[in-house]
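Just so you know, ligand 1 is whichever comes first in the structure, and atom 1 is the first atom listed for that ligand. Source: prediction; values computed, not measured. Note: hydrogens, waters and symmetry copies are ignored here, and every other heavy atom, side chains too, is used.
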Amino acid sequence: QCERAYRLAEKGYYSDRQRSGYSCIDKFYLSHGQQSYRKCFAMEDYYSYYGLRCDRGICPNPLPGITETVAFSQCSTPSSINCDRGNRYRTITGECNNLLNPEWGKSETLQPRLLPNAFNDGKQSQRMNGCSGRLPNPRTISVNVHRRDGIMKFEDSITVMVMQIGQLLAHDFILTKLTTKPNGAPLNCCTTDKDDPGCNPISVPPGDPFFKVDCLTFSRSRSMIDCNGIRQPVNSQSSYIDLSMVYGAFDEEAERLRSHQGGRLADINNKLPADSNDFTCELSRPVNIPHYYCLLAGDERVNEMPGLSSVHTLFMREHNRLADGLQARNPHWDDERVYQEARKINIAQWQNLVYGEYLPNFINPHIMRRVNIDVRRYGYKDTYDPRVDASATNDFGVGIFRFSHTLIRQDVRLTGFGTTTSSVTENLDDHFFDPVLYHEFDGQGFEFILKAMSLLEAARADREFERSIQDLLFKDMNNESLDLAALNIHRGREHGVPGYNEYRKLCELSNVEHFGTTAGGLVDHDPDVAALLERTYSCPEDIDIFTGMLTERRLPGVLIGPTAQCLYITQFKRFRDGDRFFYERPDPRTGFSLGQLNSIKRVTLATLYCLNTGVIEIQPQVFIQPLEELRNSPLPCSFHLQNAVNLDLWYDQY
Ligand code: HEM
Ligand SMILES: [Ca+2]
């Protein structure tokens, strides 16, 4: 199979564009599936030769001469974990999805890298290298390159749901927690804790267009030192696309989220349950309004902004709807059985939505077919390969998948149902970590937010950020705030991920040797943007992955440029091919019957809206604006409800 993949690569899969784009994916696929598997065993052999043993990825002493970059957690001896091979359902943590490497993709493991680290010292200190030895200040880059000049710009056809589902998806596969004080409180890196080794604040150069302060707080990501002495951030989510942001990624957490009756998830009046320990969600509101509580879900970021809390609720409700339907048909099933079966269907519908509806906005559908990550309307497709590690990579989380931050709008809107829809518009920066809008309107607030997100255009997918996230991110009661673009850039350096040009090489795109847009230069950038980069950076090697990717000219039909697309393909191929429980697999124990699968494949985001909110009509493709010229006019819910999964196919046959 491996040889065949290489042969295909040789042929040049993308010969129509004169680029051997496939070999990028192919290389990743091979180097992170097959090869890393081999490497792991080679490493283990090497260690045992010296009489050393690694314990759960942490090895005694780095051995001289190893420049291995694959996170060592993936090399833990398979025998250390006993997997229940007969388990019909995924574990909560992701453990034992891969039976040969049970820790692959599990929550609380190290993030592997696509490329060797670019730490300044090769081990742990932030990336500084480049031609001048110093990289430009992240806030300077943010202001020079990512600042909006003039009016807000919007996408022509896609809705802001593309942003919102993207954030939800990000929170399914990655959570990089930050270093804290010993008591768990956040570090104040500009003041009291500035000498803490976990601090690495961003300085604000004089003359800033917004900030009056000269320092923005920034703590380093929680990391571990791997066998080779290299700092690797920890992923606290399960990497698999398994709705872990809904169900939790740790066993105790998952238990807490269940009602333990009829297989249901805990709720309060059909909304997310309350997090009695969380007080961070009242950032902008000094008064605690009693019935406006902070929300609890399988991911701690659920309160971060109202749209996010709202989409979380959609999937929590869908679980309970499925559970009720299954229990009604199978009264003899116990809570556990109903919970697991409903969870399994919910995850399958989510994977179908991600690959079928969401990804085509980023990866050309034609290319999705070629690399076999597309979804066919009917039938099974098995691309599982146990040699593929589905872990979310450091590089993808810290750089590439943050692309969609550019789609974030300045405002949050609530739109009522019915034909005479009235709207309320608020500034996003007034509602970070603030569940008030969610609970507004007798508890229907979040449904009105969902409705509005299906109608509103996304902010334009360009290099520009809206002020709500560039100057006013996480604005608190003291009017202190942050800059998301600067955070992304600084975080990339702190994680030791290499610059933009290295990713181009990995993707077999041309090397950038000068700031011009002619051959050998920034060929995927427009001249004015290239000039901006030239004014900002000393040399092309310095360009940060986030900035380089966000400034690329987009490819036809999708929101991103060639480097980002290549890296999206790589990661989403891994998420799929490395997931033993991927919903399209024909496995009689872990999969679905053909009838069940085909029924799941009909479920769209529009279906979920109609099933779980009070909307009465919605366009078939929620990611596309409801316009006649886009052949996406709204249709009544009676139409969409025909696509609901047919639970009659779940009458128990056992
Ligand atoms: C209003 C919406 C959003 C806000 C306020 C927001 C804010 C943030 C913040 C503050 C961070 C951490 C920054 C740092 O210190 O490094 C972050 C990380 C991240 N964001 Fe967003 N984000 C939003 C939407 C999105 C969207 C739409 C996507 C992708 C489709 C996304 C993908 C990510 C990813 C992958 C990370 C890294 C997560 C981790 O490793 O823990 N975010 N975001
Ligand atoms: Ca997950």
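Near Gly166, meaning under 4.0 Å from any of its heavy atoms, are these atoms of ligand 1: 29 (C), 30 (C). Annotation for ligand 1: atoms under 4.0 Å from non-hydrogen atoms of Thr176 are 39 (C), 40 (O), 41 (O). Near Arg301, the atoms of ligand 1 lying under 4.0 angstrom from a non-hydrogen atom of the residue are 38 (C), 39 (C), 41 (O). Counting the atoms of ligand 1 from 1 in the order shown, those under 4.0 Å from a heavy atom of Ile408 are 1 (C), 2 (C), 3 (C), 23 (C), 24 (C). Applying the 4.0 Å criterion to heavy atoms of Gly397 picks out, from ligand 1, the atoms 34 (C), 35 (C), 36 (C), 37 (C).
For Glu108 and Thr93, the side-chain atoms include no donor-acceptor pair closer than 3.5 Å. For the 3.5 Å distance criterion, the side chains of Gln565 and Asn364 fail to qualify, holding no donor opposite an acceptor. A side-chain donor-acceptor contact under 3.5 Å links Glu552 and Tyr500. Side-chain contact annotation: Asn427 with Ser468, donor-acceptor N/O pair under 3.5 Å absent. Defined by atom type and a distance below 3.5 Å, a donor-acceptor pair is present between the side-chain atoms of Ser423 and Thr415. For the 3.5 Å distance criterion, the side chains of Tyr89 and Glu341 qualify, holding a donor opposite an acceptor. Side-chain contact check for Arg576 and Gln351: no donor-acceptor pair (N or O, by modelled atom type) lies under 3.5 Å. Defined by atom type and a distance below 3.5 Å, a donor-acceptor pair is missing between the side-chain atoms of Asp587 and Tyr384. Using a 3.5 Å distance cut-off with no hydrogens or angles, the side chains of Glu357 and Thr604 do not pair a donor with an acceptor.
Cation-pi geometry between Arg580 and Tyr240 is not satisfied (NZ or CZ under 6.0 Å from the ring centre, within 45° of the ring normal).
Looking at Phe474 against ligand 1, only its side chain comes within 4.0 Å, counting heavy atoms. Contacts of His171 with ligand 1, taken as heavy-atom pairs under 4.0 Å, are absent altogether. Only the side chain of Phe432 comes within contact range of ligand 1, with a heavy atom under 4.0 Å; no backbone atom does. Both the backbone and the side chain of Met163 come within 4.0 Å of ligand 1, judged by heavy-atom distances.
Using a 4.5 Å heavy-atom threshold, the side chains of Phe396 and Phe173 count as touching. Residues Leu135 and Gln126 form no side-chain contact, since every pair of their non-hydrogen atoms from C-beta on lies 4.5 Å or further apart.
Shown here are the protein N/O/S atoms lying under 2.8 Å from atom 21 (Fe) of ligand 1, water excluded: His405 NE2. Closer than 3.0 Å to the Ca ion (ligand 2) sit the protein N, O or S atoms Asp172 O, Asp172 OD1, Ser238 O, Ser238 OG, Tyr240 O, Asp242 OD1, Ser244 OG.
When Gln237, Glu304, Met305 are ranked by how near their heavy atoms come to atom 5 (C) of ligand 1, first place goes to Glu304.
Residue Phe362 is tested with Phe572, Tyr568, Phe623 for a ring pair (Phe, Tyr, Trp, His ring centres under 6.0 Å); the sole match is Tyr568.
Taking only nitrogen or oxygen atoms, main chain and side chain alike, Gln111 does not reach within less than 3.5 Å of ligand 1.
For Gln164, the closest heavy-atom approach to ligand 1 does not fall below 4.0 Å.
No side-chain donor-acceptor contact under 3.5 Å links Thr425 to the backbone of Arg413.
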